[in-house]
Number of protein chains: 2
Amino acid sequence: MKTLTCLCKSISEEEMDDIKKHIPKDNTIQNMAEFFKVFGDSTRLKILYYLSRHELCVADLALLVNMQQSAISHQLKLLRLNRLVKYRKEGTTNYYSLDDEHINSIFKVALEHLQEL
Amino acid sequence: MKTLTCLCKSISEEEMDDIKKHIPKDNTIQNMAEFFKVFGDSTRLKILYYLSRHELCVADLALLVNMQQSAISHQLKLLRLNRLVKYRKEGTTNYYSLDDEHINSIFKVALEHLQEL
DNA sequence: GTAATATATGAACATATATTCATAAAGGAG
DNA sequence: CTCCTTTATGAATATATGTTCATATATTAC
């Protein structure tokens, strides 16, 4: 009573082995997943949109996104760790801006896809 | 004792209003987030990789990803709902394949980004 | 020194998500 | 019809994640 016999072989064992052999390393896939996960939250997308328009401090972002300063700060930390934003200090104020040119291409691809649905 | 005075205005109120006015609709942002969320999981990324190489049935995918058939089936449902995969029936067997040409461009952008870290 | 401001952070909580298990549904073979 | 196979699905569970609250840190002004 095997669960996975699968006689459906439209593909040969050799082909399957070959395909399996060429899959990116588990670590790479994990990193890719982490990368996409960052974009998979509307609060972070809003932050990224606003920063794509203008360098902004945390309080301004909180105003624009209409969310607590603490929430924004937590999300900015995540974005920082993933190198999507950077900041410069000026007194107690931190001015955030985008740190990655790929963000715009990524937005574009996503919009293209969504427009076709 | 306001929490958000923010005198940091490197940006004028008018500019902020303007930027806020042009942000995509909340619904659009929500959809973008959902879209990215789909890619933000290593199991789904593996499935997408394998399907990019060959049309496959559920049991074969379970073998390749080395995960239970049920788990694969649940993930395939999600991928179906987001129109990233499609399938054709042949008897009791379902052959899955990719349903979106953007997937490859998306993979590429992500890899580019990761290689720069 | 104190007071006020901007930001960061830890704990707590609620919600979302991925996986497993058990089982249902549907088709093919006998 | 019954048995077997392939896939889908609902419930349960464990884990991850986003937000809030309270508070810490750091800088500036007085």
Side-chain angles (χ1 to χ4, degrees), chain A residues 1-11 29-30 33-48 55-82 85-97, chain B residues 1-11 29-30 33-48 55-82 85-97:
Chain A
M1 227 222 274
K2 288 159 60 186
T3 330
L4 292 178
T5 323
C6 190
L7 310 169
C8 45
K9 309 299 178 201
S10 67
I11 177 176
I29 291 183
Q30 200 62 47
E34 295 303 320
F35 175 69
F36 284 120
K37 222 176 280 184
V38 181
F39 289 92
D41 176 82
S42 54
T43 300
R44 287 193 291 272
L45 285 181
K46 286 176 194 170
I47 291 175
L48 291 173
E55 179 189 59
L56 289 163
C57 68
V58 179
D60 280 342
L61 278 171
L63 266 174
L64 287 164
V65 178
N66 193 29
M67 206 162 265
Q68 292 201 250
Q69 171 269 321
S70 175
I72 301 294
S73 213
H74 279 296
Q75 297 296 11
L76 284 172
K77 183 177 187 177
L78 227 160
L79 291 169
R80 253 187 291 127
L81 291 174
N82 286 274
V85 305
K86 62 182 183 229
Y87 70 100
R88 62 183 180 85
K89 277 183 130 34
E90 203 168 288
T92 56
T93 306
N94 290 3
Y95 290 99
Y96 278 85
S97 56
Chain B
M1 224 225 273
K2 287 159 62 185
T3 331
L4 292 177
T5 323
C6 188
L7 309 168
C8 45
K9 308 300 177 200
S10 67
I11 178 175
I29 291 181
Q30 199 61 48
E34 296 303 321
F35 175 69
F36 284 121
K37 220 174 284 183
V38 181
F39 289 91
D41 176 83
S42 54
T43 301
R44 287 192 292 272
L45 286 180
K46 285 175 194 169
I47 292 175
L48 290 173
E55 180 189 58
L56 289 163
C57 68
V58 180
D60 280 343
L61 279 170
L63 266 174
L64 286 164
V65 178
N66 192 28
M67 203 162 269
Q68 293 203 248
Q69 171 269 320
S70 175
I72 301 295
S73 213
H74 279 296
Q75 297 295 11
L76 284 171
K77 182 178 187 177
L78 227 160
L79 292 169
R80 255 186 288 128
L81 291 174
N82 286 273
V85 305
K86 62 182 182 228
Y87 70 100
R88 63 182 179 87
K89 274 182 132 36
E90 203 169 288
T92 57
T93 307
N94 289 3
Y95 290 100
Y96 278 83
S97 56

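Just so we're clear, the structure is a prediction, and the values are computed from it rather than from any experiment. Values reported hereafter were calculated over all heavy atoms of this structure, with side chains retained and with hydrogens, waters and symmetry mates removed.
For B/Tyr87, no side-chain nitrogen or oxygen approaches OP1 or OP2 of D/dA8 to under 4.0 Å. An OP1 or OP2 oxygen of D/dA8 is reached within less than 4.0 angstrom by a side-chain nitrogen or oxygen of B/Asn94. Dashed line: the shortest gap from a side-chain N or O of B/Ser73 to OP1 or OP2 of D/dA8 is under 4.0 Å. Phosphate proximity of C/dA8 to A/Tyr96: present, with a side-chain N or O under 4.0 Å from OP1 or OP2.
C/dA6 atom C1' lies 11 Å from atom CG of A/Asp60, rounded to whole Å. In this structure, B/Ile29 places its CD1 atom 17 Å from C1' of D/dG18, rounding to the nearest Å. At whole-Å resolution of the value, CD1 in B/Ile47 and P in D/dT7 are 13 Å apart. Summarising the geometry, the separation between CG on B/Leu76 and P on D/dT6 is reported as 16 Å, rounded to the nearest angstrom. Between the CG atom of A/Leu63 and the C1' atom of C/dA6 there is a distance of 13 Å, given to the nearest Å. Distance A/Leu56 CG to C/dA6 P: 15 Å, rounded to the nearest Å. In this structure, B/Lys86 atom NZ and D/dT7 atom P are separated by 18 Å, rounded to whole Å. Between the CD atom of A/Glu90 and the P atom of D/dT27 there is a distance of 14 Å, given to the nearest Å.
Under the rule for a side-chain contact (heavy atoms from CB on, under 4.5 Å), the partners of B/Ser70 that lie at least two apart in sequence or sit in another chain are B/His74. Remark: A/Lys46 pairs with A/Tyr50, A/Val65, B/Ile23, B/Asp26, B/Ile29 by the side-chain contact (heavy atoms from CB on, under 4.5 Å) rule, at least two apart or across chains.
On a pure distance criterion of 3.5 Å, no polar donor-acceptor pair joins the side chain of A/Gln69 and the base of C/dA6.
A pairwise comparison of heavy atoms in B/Phe39 and B/Phe35 identifies CD1-O, 3.5 Å as the closest pair. When all heavy atoms of B/Ala33 and A/Leu45 are compared, the closest pair comes out as N-CD1, 3.5 Å.
Using the six-membered ring where Trp is involved, B/Phe36 and A/Phe36 have ring planes that are parallel, under 30° apart on the 30 and 60° scheme.
Considering only side-chain atoms of B/Thr92, the nucleotide from D/dA8, D/dT6, D/dT27 that sits closest is D/dT6.
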Would A/Leu78 and A/Asp41 count as a side-chain contact (heavy atoms from CB on, under 4.5 Å) if you check the C-alpha gap in whole Å, the side-chain angles of each, and the deciding distance to 0.1 Å?
-> CA-CA 12 Å; A/Leu78 227 160; A/Asp41 176 82; over 6 Å; no

Extract from the structure each pairing of a protein N or O with an N or O of nucleotides 15-21 of chain C at less than 3.5 Å, listing the distance.
residue	atom	partner	partner atom	Å
C/dT17	OP1	B/Lys37	NZ	3.4
C/dA18	OP1	B/Arg44	NH1	2.8
C/dA18	OP1	B/Arg44	NH2	2.7
C/dA18	OP2	B/Arg44	NH1	3.4
C/dT19	OP1	B/Thr43	OG1	2.7
C/dT19	OP2	B/Gln75	NE2	2.8
C/dT20	O5'	B/Gln68	OE1	3.2
C/dT20	O4	B/His74	NE2	3.3
C/dC21	OP2	B/Gln68	OE1	2.8
C/dC21	N4	B/Ser70	OG	2.5

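Between the A/Arg44 side chain and the A/Lys37 main chain, a donor and an acceptor come within less than 3.5 Å of each other.
Looking at heavy-atom distances under 4.0 Å, A/Lys77 makes contact with sugar-phosphate atoms alone, never a base.
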